[in-house]
**Student:** 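Below you'll find the structure I mean.
Computed from heavy atoms alone, side chains included, the values below leave out hydrogens, waters and symmetry copies.
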There are 2 protein chains.
Amino acid sequence: MALEHALLVALRERPASGLELARRFDRSIGFFWHATHQQIYRVLARMEGDGWLTVEAVAQSGKPRKLEYAVSAAGERELADWLTRPTALDPLRSELAVKMRGASYGDRRVVRALVEQHLAEHRARLAAYHGMAAEQYPDPDSLAAADLDRYLVLRGGVRMEEFWIAWLTDYTEAT
Amino acid sequence: MALEHALLVALRERPASGLELARRFDRSIGFFWHATHQQIYRVLARMEGDGWLTVEAVAQSGKPRKLEYAVSAAGERELADWLTRPTALDPLRSELAVKMRGASYGDRRVVRALVEQHLAEHRARLAAYHGMAAEQYPDPDSLAAADLDRYLVLRGGVRMEEFWIAWLTDYTEAT
DNA sequence: GCTGTCATGTAACAGGTTACATGATTCG
DNA sequence: CGAATCATGTAACCTGTTACATGACAGC
């Protein structure tokens with residue numbers, strides 16, 4: 001499992017509650033990882049039981065109290081160790097690709113329309129990522145350490161959307 | 001679930017046994033979908049129970065008999081219907097991206113080495129895909145219908161590997 | 001008879017999704 | 001009071017992975 005380690009990275013960047021983590025996973029880190037709040041709560045509880053995290057109840061003005069998690073020394077060791085372990089190539093599962101491949105067994109025009117819809121959504125995402133890059137990293141050449149890492153992963157998100165746009169455009173032009 | 005539908009596509013292209021499907025999923029269709037033989041057997045049995053597939057025991061010379069599955073009329077209807085249903089954007093989960101983002105919480109040089117190893121594997125895959133394209137589709141401009149679809153998905157596989165190579169190269173040059 | 005390959009499976013588990021439940025607090 | 005938002009969780013289910021089991025057949 002790697003959600004645990006994605007959470008360790010997120011919590012080392014900044015301690016947070018379960019819901020805050022879920023929201024963060026819908027943005028920055030979420031280019032390449034996603035999790036629902038239900039799953040996050042479950043995993044946080046287990047990690048705290050394993051001693052990787054510490055919890056603290058934090059009162060908030062105007063909102064219910066939240067449980068803020070932070071990485072413990074044992075969690076830091078686990079994260080550092082995990083970072084050195086080899087990783088298999090990340091498999092991609094694309095339902096859309098299966099539909100593109102099987103288009104001739106149904107209505108090709110509908111499949112083409114689905115592709116065009118995805119294309120529009122990927123274009124919107126690309127624009128959003130460009131906006132985030134311009135806002136959060138106005139001067140990319142002067143970045144270092146953790147800031148540089150975050151920027152480079154955002155660059156990956158941009159390239160990913162460019163990949164989808166290029167491929168799906170290719171498809172619509174050829175069909 | 002979409003493994004069922006990926007199997008319907010694969011079996012409409014050509015009836016096959018469970019193990020043959022598993023092998024096929026490691027190649028052509030496998031750019032964007034993967035499944036182990038254990039999972040495939042389980043799903044095939046359920047699909048046959050649902051009436052989407054027919055089975056036939058086929059004797060082979062020099063090998064044990066195999067169970068060959070083919071798509072039934074009900075399966076064809078289901079596939080055609082699924083092809084018209086909208087699909088959410090395919091989420092990508094990348095452990096390597098999490099490691100890149102968290103590199104500063106461990107040994108950055110080791111993370112960099114992992115990235116270089118992935119880079120080499122993606123280069124090898126790209127070469128393999130180019131080889132498949134040259135061998136199976138020597139004249140892409142004259143393709144139509146199912147052959148065109150398969151070629152366009154292979155193009156997607158090529159673009160995918162190019163995405164990884166561009167991004168990971170980017171990363172190694174910046175760190 | 002042993003090893004390797006082909007072929008089909010079972011069982012236990014881990015990971016992830018979906019639907020629902022509960023309570024605090026603010027705002028109209 | 002009712003609706004909306006924030007926050008934490010439970011339960012049931014589905015999907016996918018890992019480890020193991022079984023048997024047929026070929027070649028040495």
**Student:** Find the distance between OG1 (B/T84) and CG (B/L79) and round it off to the nearest 0.5 Å.
**Tutor:**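 One gets 10.0 Å once the value is rounded to the nearest 0.5 Å.
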
**Student:** Grab the CD-C1' distance between A/E4 and C/dA14 for me, whole Å please.
**Tutor:**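 So the two atoms are 10 Å apart, to the nearest Å.
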
**Student:** Give a yes or no on whether B/R14 atom CZ has more than 12 heavy-atom contacts from other residues, nucleotides or ligands under 6.0 Å away.
**Tutor:**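 Atom CZ in B/R14 is not packed in, count stays at 12 or less.
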
**Student:** In residues 10-18 of chain B, which ones come under 4.0 Å of DNA chain C, going by heavy atoms?
**Tutor:**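 Of all residues in residues 10-18 of chain B, the ones placing a heavy atom under 4.0 Å from DNA chain C are B/S17, B/G18.
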
**Student:** Donor-acceptor pairs are to be reported for all side-chain atoms of residues 113-123 of chain B against protein atoms at under 3.5 Å, with residues two or more places apart or in another chain.
**Tutor:**
{"residue": "B/E116", "atom": "OE2", "partner": "B/R112", "partner atom": "NH2", "Å": "3.0"}
{"residue": "B/H118", "atom": "NE2", "partner": "A/T87", "partner atom": "O", "Å": "2.7"}
{"residue": "B/H122", "atom": "ND1", "partner": "B/E161", "partner atom": "OE1", "Å": "2.5"}

**Student:** When you check the phosphate oxygens OP1 and OP2 of D/dG9, does a side-chain N or O of A/Q38 lie under 4.0 Å from one of them?
**Tutor:**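 The answer is no; no side-chain N or O of A/Q38 sits under 4.0 Å from OP1 or OP2.
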
**Student:** Return the minimal non-hydrogen interatomic distance between B/S104 and A/D149, and the atom names on each side.
**Tutor:**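 The answer is N-OD2, 3.5 Å.
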
**Student:** Specify the separation, in whole Å, of atom OH of A/Y69 and atom P of D/dA7.
**Tutor:**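 To the nearest whole Å, that distance equals 14 Å.
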
**Student:** Taking it one step at a time, do B/K66 and B/E68 satisfy salt bridge (Lys or Arg N to Asp or Glu O under 4.0 Å)?
**Tutor:** CA-CA 6 Å; B/K66 65 178 178 179; B/E68 193 166 84; 3.6 Å; yes

**Student:** Would you say the side chain of A/R93 and the base of D/dT15 hold a donor-acceptor pair, judged only by whether the two atoms sit under 3.5 Å apart?
**Tutor:**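 No.
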
**Student:** Step by step, would you call A/Y105 with B/E13 a side-chain contact (heavy atoms from CB on, under 4.5 Å)?
**Tutor:** CA-CA 9 Å; A/Y105 307 117; B/E13 292 178 353; 3.3 Å; yes

**Student:** Is a donor-acceptor pair below 3.5 Å formed from side chain B/R42 to base D/dG16, judging by atom type as modelled?
**Tutor:**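 Yes, the side chain and the base share a sub-3.5 Å donor-acceptor pair.
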
**Student:** Give the B/S/- string for nucleotides 23-28 of chain D, one per nucleotide from 5' to 3', where a protein heavy atom under 4.0 Å of the base yields B, of only the sugar-phosphate yields S, and otherwise -.
**Tutor:** BBSS--

**Student:** Whole-Å distance between D/dT8 C1' and A/L21 CG?
**Tutor:**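 These atoms are roughly 13 Å apart.
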
**Student:** Identify which nucleotide among C/dG9, D/dT8, D/dT15 has an atom closest to any side-chain atom of A/Y41, counting heavy atoms from C-beta outward.
**Tutor:**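 In terms of side-chain proximity for A/Y41, the closest of C/dG9, D/dT8, D/dT15 is D/dT8.
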
**Student:** Could you walk me through whether A/R150 and A/D147 pass the salt bridge (Lys or Arg N to Asp or Glu O under 4.0 Å) check?
**Tutor:** CA-CA 5 Å; A/R150 283 191 279 269; A/D147 285 330; 3.0 Å; yes

**Student:** Name the residue closer to the 5' end of DNA chain D, choosing between B/H37 and A/H37 according to the nucleotide with the nearest heavy atom.
**Tutor:**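 Per heavy-atom nearest nucleotide, the more 5' residue is A/H37.
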
**Student:** Can you tell me the distance, in whole Å, between the CD atom of A/Q39 and the C1' atom of D/dA12?
**Tutor:**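 Distance, rounded to whole Å: 15 Å.
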
**Student:** Rounded to the Å, how far apart are A/K66 NZ and C/dT25 C1'?
**Tutor:**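 About 15 Å, once rounded to whole Å.
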
